[in-house]
Amino acid sequence: MPEGHSIHRLARQFRDVFAGEPLRVSSPQGRFADGARRLDGATLVDARAHGKHLFLDFDVDLVMRVHLGLYGAWSFGGDETFRGASSIGAPRRMGETETFDRAATPGPDDGGAPAYSGPPEPVGQVRARLVSAHGWADLRGPSACEVITPGEAAAVVARLGPDPLVAGTGPGEFLERVTRRSVALGQLLMDQAVLSGVGNIYRAESLFRAGLDPWLPGRRLGAADGVRLWEDLAGLMADGVRVGRIITTEPEHRDAVDPDGEPAPLWPDNAHYVYQRDGLDCRVCGTAVRVTQMQARNLFWCPGCQAP
DNA sequence: CCTTAATGGACAT
DNA sequence: TGTCCCTTAAGGT
């Protein structure tokens, strides 16, 4: 699934294109029918993210909570006020992609393209559909999609660890939660009760950039290293929100040319240090990057740069 | 065309 | 540790 940066982009998108308007809410697939009925006709007042959870606040004192899980995705379309609308989420082998639904959004340059006349027939299993006067959003394949009270939403946030993308959040709480555990740092970074929003790519890349051994017990992480790790993650994830992709390499570590001698593009092959680079030479020390399972997920690391 | 793995996580066993 | 969620794209036939 998209990591935390994508969910923050989604929250921004919902604020930009739906907030302040009454929405028709439905569930073409049927599995969100009850929830849709409770929200239908209500006005979206805010959209926010904490880690990988998206919260849509409606003026009827109800909140729609969505977690995309491994392969959930939102797609958008609409009229000219939806310019920049995109599809965010879903598993993408080479990383997150965002595609603009041009067919549904004719612009001034599109000549005779038909004007926006409402959302298309639902394609596939559309769990939830939100429609305003200007556009629509379809949700497919989420692991969670429910209507809850503001109090219940607050309880969800309360049991999550700090999110580096939430303004005003510092490393203190993160350090506290990491250093009282003896399990591996690589496991703790993926634990949403320790830190919110980090997934498998940010885990691997941030540990590499910090030169930290993924098997280091949390309680053995020094305060200075912990603060550096947090600050680096905060920067990487903020970049992710801005760019829409996870890019963690520094320019001096990227390949100038690809195997065919052509100038190598940044995306996708030059974007990461270790993620999905097992068997390739480390960009920094030349040691072969390795992969192993940690908590049923692939963990990529460089034995040279991240030695115990 | 079919198979498989993928940026999660809740829940059952 | 296994199952679901039931999408998507890469990679192999």
Side-chain angles (χ1 to χ4, degrees), chain A residues 1-10 27-32 35 49-54 65-76 86-99 101 122-129 137-146 148 152 155-157 159-161 163-165 183 186-208 214 233 236-237 239-241 243-249 267-269 271-279 291-301:
Chain A
M1 91 170 243
E3 302 192 19
H5 69 297
S6 297
I7 313 307
H8 282 265
R9 285 174 68 86
L10 277 167
S27 177
Q29 175 205 48
R31 290 189 46 194
F32 182 58
H50 191 109
K52 300 168 187 173
H53 297 250
L54 175 69
R65 181 183 75 95
V66 174
H67 194 297
L68 293 177
L70 186 53
Y71 48 73
W74 284 97
S75 50
F76 300 88
S86 58
S87 170
I88 301 178
R92 303 280 192 250
R93 194 169 191 74
M94 305 312 272
E96 172 190 336
T97 60
E98 302 187 18
T99 54
D101 184 0
V123 177
Q125 299 282 314
V126 178
R127 181 81 61 90
R129 166 171 278 187
D138 278 355
L139 172 65
R140 291 185 179 78
S143 64
C145 172
E146 61 174 358
I148 58 180
E152 289 167 333
V156 170
V157 172
R159 64 165 199 263
L160 291 169
D163 179 347
L165 290 175
V183 296
Q187 282 183 44
L188 292 172
L189 288 189
M190 295 278 283
D191 182 341
Q192 302 299 299
V194 170
L195 175 63
S196 283
V198 168
N200 207 22
I201 302 179
Y202 282 127
R203 159 174 79 167
E205 296 294 304
S206 63
L207 287 173
F208 174 88
L233 264 172
L236 290 176
M237 293 171 78
D239 288 346
V241 172
V243 177
R245 284 177 167 165
I246 300 177
I247 292 169
T248 58
T249 50
W267 189 265
D269 292 344
H272 306 131
Y273 283 105
V274 291
Y275 178 73
Q276 291 217 327
R277 281 179 55 85
D278 49 304
V291 61
T292 189
Q293 293 285 120
M294 180 183 271
Q295 291 294 93
R297 305 300 301 277
N298 282 327
L299 170 70
F300 301 86
W301 91 107

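Below, read A as the first sequence line, B as the second, and so on, with proteins coming before strands; counting in each chain starts at 1.
A:Asp138 contributes no side-chain N or O that, together with a main-chain N or O of A:Ser75, makes up a donor-acceptor pair within less than 3.5 Å.
Listed pair A:Arg127 / C:dC6 meets the phosphate criterion, a side-chain N or O lying under 4.0 Å from OP1 or OP2.
Rounded to whole Å, the distance from CG on A:Leu68 to P on B:dG9 is 11 Å. Rounded to whole Å, atom C1' of C:dC5 lies 11 Å from atom CD of A:Gln125. If you measure from atom CZ of A:Arg297 to atom P of C:dT1, you get 15 Å, rounded to the nearest angstrom. One atom, CD1 of A:Ile201, and another, C1' of B:dA5, lie 14 Å apart when rounded to the nearest Å. The distance between atom CD of A:Gln29 and atom P of C:dC6, rounded to the nearest whole Å, is 5 Å. B:dG9 atom P lies 4 Å from atom CD of A:Gln192, rounded to whole Å. Rounded to an integer number of Å, the gap from A:Leu54 CG to B:dG8 C1' is 15 Å. As rounded to whole Å, 9 Å separates atom C1' of B:dA6 from atom CG of A:Asn200.
For A:Arg31, taking side-chain heavy atoms from C-beta onward, the closest of the listed nucleotides C:dC6, B:dG9, B:dA6 is C:dC6. Distances from the side chain of A:His67 to the nucleotides B:dA6, B:dG8, C:dT7 place B:dG8 closest.
Side-chain contact check for A:Met237 versus A:Val198: some heavy-atom pair is nearer than 4.5 Å.
With no hydrogens or angles considered, no side-chain donor-acceptor pair links A:His272 and A:Arg277 at under 3.5 Å.
Taking the P atoms as reference points, B:dT13 lies 14 Å from C:dC5, given to the whole Å. One P atom belongs to C:dT3, the other to B:dT4, and the distance between them is 15 Å to the nearest Å. Distance check on atom P: C:dT13 versus B:dA5 gives 14 Å, rounded to whole Å.
Exactly one residue among A:Arg129, A:Arg140, A:Gln125 makes a side-chain contact (heavy atoms from CB on, under 4.5 Å) with A:Gln29. That residue is A:Gln125.
Ring orientation note: the planes of A:Phe300 and A:Tyr275 are nearly perpendicular, at an angle over 60° on the 30°/60° scale.
If you check B:dT3 for Watson-Crick or wobble pairing at under 3.5 angstrom, you find it paired to C:dA10.
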